[in-house]
Amino acid sequence: LENYYVEYLCSPTRGTVMTGRYPSHTGIGPDIIKPESPYGMPAKEVMWPELMKASGYKTHAVGKWHLGICNEKYTPTMRGFDTFFGYLLGAEDYWTHERGYDKPPHKRHFDLRNGTEPGVMSPLAARHNGTYSSVLFADEAARLIHAHDPATPFFTYLPSQSVRT
């Protein structure tokens, strides 16, 4: 490869990874999806977890989503993942799992989520406060792997908060 095929920001890059299409074709970008943004990855865009699930895979997302939250239809368990554990947005603190800025009008809020069923995106208890996010994500991925029935195809999407994925 001799060119860049994704954007340097989270949301457009994640959209490309999830659809195989350039951000200019999905409508995600050129900036990130902000908490107040009234859009997400368009429902017309087929994401690969939807295809994998339709092919019989158990699909799991562990890590950072950042592809829209203004409507529940944009969240991971509504886009092909059986389970989700992680952040819906970006700019979360690695230790407290709060998202936000210290300047008004933004306020800090807890963004670590555990959505294991379509239609359910409940925040986790603050018991994870003080645990580094990469450790939480690795532990959850390991738990999923150990609990998985080997007779069923399995896929885990693990977009780390620490590196651009």
Side-chain angles (χ1 to χ4, degrees), residues 1-55 57 59-115 118-124 132-138 140-141 155-165:
L1 299 176
E2 297 178 6
N3 294 303
Y4 290 100
Y5 296 92
V6 295
E7 299 289 326
Y8 66 96
L9 294 170
C10 303
S11 301
T13 297
R14 290 171 198 285
T16 296
V17 168
M18 297 301 262
T19 64
R21 294 168 44 88
Y22 288 115
S24 59
H25 296 288
T26 65
I28 302 298
D31 201 359
I32 62 168
I33 298 175
K34 296 180 172 85
E36 64 276 7
S37 297
Y39 69 95
M41 176 59 71
K44 69 177 183 165
E45 295 293 342
V46 177
M47 298 171 87
W48 56 261
E50 296 171 280
L51 299 172
M52 293 181 83
K53 189 172 180 176
S55 296
Y57 279 76
T59 57
H60 308 280
V62 179
K64 183 178 168 189
W65 178 246
H66 215 179
L67 283 173
I69 62 162
C70 69
N71 187 307
E72 195 171 48
K73 72 181 179 181
Y74 297 126
T75 60
T77 54
M78 301 299 281
R79 297 307 304 261
F81 289 106
D82 293 308
T83 66
F84 172 74
F85 176 88
Y87 302 127
L88 290 174
L89 293 165
E92 287 80 0
D93 184 276
Y94 289 81
W95 297 95
T96 66
H97 317 298
E98 291 178 334
R99 194 242 185 250
Y101 304 96
D102 295 329
K103 297 177 183 176
H106 300 286
K107 297 181 179 176
R108 298 192 71 76
H109 64 275
F110 193 68
D111 187 32
L112 186 61
R113 308 287 175 144
N114 186 13
V120 178
M121 292 302 294
S122 62
L124 288 170
Y132 195 67
S133 61
S134 294
V135 172
L136 289 176
F137 299 155
E140 177 63 6
F155 183 80
T156 298
Y157 171 61
L158 183 58
S160 174
Q161 177 190 17
S162 302
V163 294
R164 294 282 181 209
T165 55

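Count residues from 1 along the sequence.
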Mark yes or no for whether Trp48, through its side chain, and Val17, through its backbone, hold a donor-acceptor pair below 3.5 Å. yes
Is the side chain of Arg79 donor-acceptor paired with the backbone N or O of Met41 at a distance under 3.5 Å, no angle test? yes
Hey, is the main chain of Phe85 close enough, under 3.5 Å, to the side chain of Asn114 for a donor-acceptor pair? no
Where the side chain of Arg99 meets the backbone of Leu88, is there a donor-acceptor pair that is under 3.5 Å apart? no
Got a second to check how far Asn71's CG is from Thr75's OG1, nearest 0.5 Å? 8.5 Å
Lys34: partners by side chain to side chain donor-acceptor pair (under 3.5 Å), with sequence neighbours left out: Asp31
Separation between CZ of Arg14 and OG1 of Thr26, rounded to the nearest 0.5 Å: 14.0 Å
Applying ring-ring contact (aromatic ring centres under 6.0 Å, His included), name anything that partners His60, two or more places apart in sequence or on another chain. Phe154
Is the number of heavy atoms from other residues, nucleotides or ligands within 6.0 Å of CZ (Phe155) greater than 12? yes
Phe81 and Ala61 have their tightest heavy-atom pair at CD2-N, 3.6 Å
Looking at every heavy atom in both Val62 and Pro159, which two are closest together, and how far apart are they? O-CD, 3.1 Å
Contacts of Ser133 meeting side chain to side chain donor-acceptor pair (under 3.5 Å) (sequence neighbours excluded), chain-then-number -> Gln161
Does His66 reach the main-chain N or O of Ile33 with its side chain, forming a donor-acceptor pair under 3.5 Å? yes
About how many Å separate OG1 of Thr16 and NE2 of His25, when rounded to the nearest 0.5 Å? 9.5 Å
Intermediate values then yes/no, side chain to side chain contact (heavy atoms under 4.5 Å, CB included), Ser37 and Cys70: CA-CA 7 Å; Ser37 297; Cys70 69; over 6 Å; no
Side chain to side chain donor-acceptor pair (under 3.5 Å) partners for Tyr74, two or more places apart: none
Heavy-atom nearest pair, Ser134 first then Ser160, reads OG-OG, 4.2 Å
Check: Thr59 side chain, Lys53 main-chain N or O, donor-acceptor pair, under 3.5 Å: no
So, Thr77 side chain and Asp82 main chain: donor-acceptor pair closer than 3.5 Å or not? no
Sidechain-backbone polar pair: Asp111 side chain, Glu92 backbone, donor-acceptor under 3.5 Å: no
Would you please test Leu136 and Leu112 for side chain to side chain contact (heavy atoms under 4.5 Å, CB included) and show each step? CA-CA 10 Å; Leu136 289 176; Leu112 186 61; 3.8 Å; yes
Give me the atom names and distance for the closest heavy-atom approach of Leu67 to Ser11. CD2-O, 3.5 Å
Those residues that, when tested against Trp95, pass ring-ring contact (aromatic ring centres under 6.0 Å, His included) (two or more places apart): Tyr132
Working note: Tyr157 + Phe84, criterion side chain to side chain contact (heavy atoms under 4.5 Å, CB included); need CA distance, chi angles, decisive distance, verdict. CA-CA 10 Å; Tyr157 171 61; Phe84 172 74; over 6 Å; no
Who are the ring-ring contact (aromatic ring centres under 6.0 Å, His included) partners of Tyr39, not counting sequence neighbours? none
Are any side-chain N or O atoms of Glu50 and backbone N or O atoms of Met47, one a donor and one an acceptor, separated by less than 3.5 Å? yes
Nearest heavy-atom pair of Cys10 and Lys64: which atoms, and what distance? SG-NZ, 2.9 Å
Tell me, do Thr13 and Pro23 make a side-chain contact under 4.5 Å, heavy atoms counted? no
Taking every non-hydrogen atom, the tightest pair across Pro12 and Gly29: CG-CA, 3.7 Å
